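Down below is the structure, laid out as structure tokens.
Atoms within each ligand, like the ligands themselves, are counted from 1 in listed order. Positions are given from 1 along the sequence. In this text the structure is predicted, and so the values were computed from the model without any measurement.
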Amino acid sequence: MEIKKGLAGVVVDHTSVSKVMPETNSLTYRGYPVPELCEHKSFEDVAFLLWKGELPTAEEKASFETKEKSYRTITEACLNMIQSLPKTTHPMDALRTAVSFIGCEDDRVWKDDPETNFDKSMSLMAKIPTVIAAYYRHQKGQDFIAPKKELGFSENFFSMCFGEVPAAEVAKAFDVSLILYAEHSFNASTFTARVIASTTSDLYSSVTGAIGALKGPLHGGANEQVMYVLKEIETPERAKDWMLTALKEKRKIMGFGHRVYKNGDSRVPTMTKYTNILAEHTGQTKWVEISKILEETMIAEKDIYPNLDFPAGPAYYMMGFEIDMFTPLFVMSRITGWCAHIMEQTASNKLIRPLSAYNGVLERKVR
Ligand code: COA
């Protein structure tokens, strides 16, 4: 029996949410090339597209945005819970706990018809930024800033974290990062969400499990690790030697490699473009200079290419976020892809239950 360790190369189901094409280094959401969505559409448009299968009409867009804005508030009980967490809690753990708590507050928890799941998805997309910002300010000993209905999705988030709206360049780069992180077929966290949905458990349980899966440094946690490495290297002059030494020591270099893309990640050119714009805007050019040398050295030595986390890590850093917030920012975006997959799994469900090949002790007698 051939074992496909890590399910590598195994096709487990159909999906119409997105298509990853490693042969051309490209990615589409519901048929639309993602770089085009980044240039012409907002993250809210993309959320609607992933959930409904089509880009919104002007009317649908207006109603979706009004609803999203109305769902941003979290209850006082939820805020108190967030503010009672030890400040040493990683923001991903705080977020996982808050999503589970929000699920406890929804009396529709067992309802999983398409309209209810769409509504729950919108509610989570709207509340997750509030949770992340609330915990961020709690950790810093600062007062909570309530969401503002007059601001767009990205601008409101910056306002809740930092008390001000960002420059247009920053807001656009952030929105692009959210679109790029939104969806990527059957990755580990999405598959986790689908496994949980396949048991006919509820959407909140699926998302809570997915957050746990995304936290790992081999998955979403890599964007944080990239920035720790860039900070460790500190200057472009040290970058090449750092990489050569790390490779000699057979270290895994975070932000490089991908299970599906072997010749480059389709999302990297777009994110790199906006990371470079941020470097110009903030004057912090050294992170992109170090990144360029690391990338060139890795490709020359191992022919392994950067993944999305590689340019996204320094982009988030230049926007002013603490490093341990990077993976929660990924959640803010990937909630859209997860919920699209939960809805797809629910619409055509079969319990996900693979087999294993036993290699333990042969049968024996109890004495
Ligand atoms: N640094 C150094 N070597 C790497 C590497 C990296 N980031 N990624 C892959 N390799 C090497 C492996 O050591 C292995 O070499 P070997 O055949 O000599 O043992 C080979 O490339 C194949 O790697 P493997 O880990 O089997 O590929 P995979 O498909 O299982 O792993 C990842 C994919 C993403 C888990 C892996 O590339 C990785 O750990 N990357 C770093 C974490 C990261 O950035 N994650 C975000 C992914 S979007």
Side-chain angles (χ1 to χ4, degrees), residues 2-12 18-23 25-27 34 92 177-193 210-233 239-272 275 287 290-291 293-317 323-324 326-334 337-338 341:
E2 194 196 352
I3 308 288
K4 298 274 193 179
K5 195 97 170 147
L7 296 180
V10 177
V11 178
V12 298
S18 69
K19 187 172 183 198
V20 182
M21 291 160 279
E23 44 317 327
N25 288 353
S26 50
L27 170 67
V34 173
M92 278 297 270
S177 79
L178 295 180
I179 295 174
L180 291 171
Y181 266 136
E183 158 59 13
H184 214 225
S185 78
F186 279 41
N187 54 81
S189 57
T190 303
F191 191 58
T192 302
I211 294 174
L214 189 74
K215 181 182 157 190
L218 291 190
H219 191 9
N223 60 8
E224 299 182 16
Q225 301 306 319
V226 166
M227 199 59 223
Y228 287 122
V229 163
L230 293 180
K231 288 195 75 174
E232 181 190 326
I233 297 173
K240 187 167 181 177
D241 280 351
W242 183 94
M243 181 60 103
L244 293 174
T245 307
L247 290 177
K248 214 156 106 198
E249 290 169 356
K250 301 230 169 295
R251 283 169 65 179
K252 267 265 159 83
I253 317 298
M254 294 295 144
F256 283 90
H258 198 275
R259 171 59 63 79
V260 182
Y261 298 117
K262 295 300 176 193
N263 302 304
D265 179 328
S266 68
R267 303 160 296 178
V268 165
T270 310
M271 193 65 240
T272 303
T275 305
W287 307 120
I290 298 172
S291 299
I293 297 167
L294 293 180
E295 179 177 345
E296 284 166 2
T297 314
M298 185 64 151
I299 294 172
E301 294 293 316
K302 299 272 283 182
D303 202 26
I304 297 177
Y305 291 79
N307 57 55
L308 175 57
D309 294 318
F310 191 65
Y316 288 150
Y317 190 75
I323 297 176
D324 64 2
F326 294 3
T327 318
L329 301 180
F330 191 160
V331 174
M332 247 176 90
S333 158
R334 188 55 66 82
W338 289 336
H341 280 275

Original post:
In this structure, are over 12 heavy atoms from other groups packed under 6.0 Å from Lys231 atom NZ?
Top reply: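 Count not over threshold, so no.
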Original post:
Protein residues near ligand 1, heavy-atom distance below 4.0 Å?
Top reply: Pro217, Leu218, His219, Ala222, Arg251, Lys252, Ile253, Met254, Gly255, Phe256, Gly257, His258, Arg259, Lys262, Met298, Ile304, Asn307, Asp309
Original post:
Does the side chain of Pro306 come within less than 4.5 Å of Asp265's, by heavy atoms?
Top reply: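 In short, these two side chains do not touch, never coming nearer than 4.5 Å.
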**OP:** Compute the centroid of each ring, for His341 and then for Phe186, and state whether the two points are separated by less than 6.0 Å.
**Re:** yes
Original post:
Can Tyr317 and Ile323 be said to form a side-chain contact (heavy atoms from CB on, under 4.5 Å), step by step?
Top reply: CA-CA 7 Å; Tyr317 190 75; Ile323 297 176; 4.0 Å; yes
**OP:** Only counting residues at least two apart or in another chain, list the ones meeting ring-ring contact (aromatic ring centres under 6.0 Å, His included) with Tyr261.
**Re:**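 With neighbours one apart ignored, the set is His184, His258.
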Subject >> Parallel, tilted or perpendicular: ring planes of His219 versus Phe330, cut at 30 and 60 degrees >> reply: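 The rings of His219 and Phe330 stand perpendicular, inter-plane angle above 60°.
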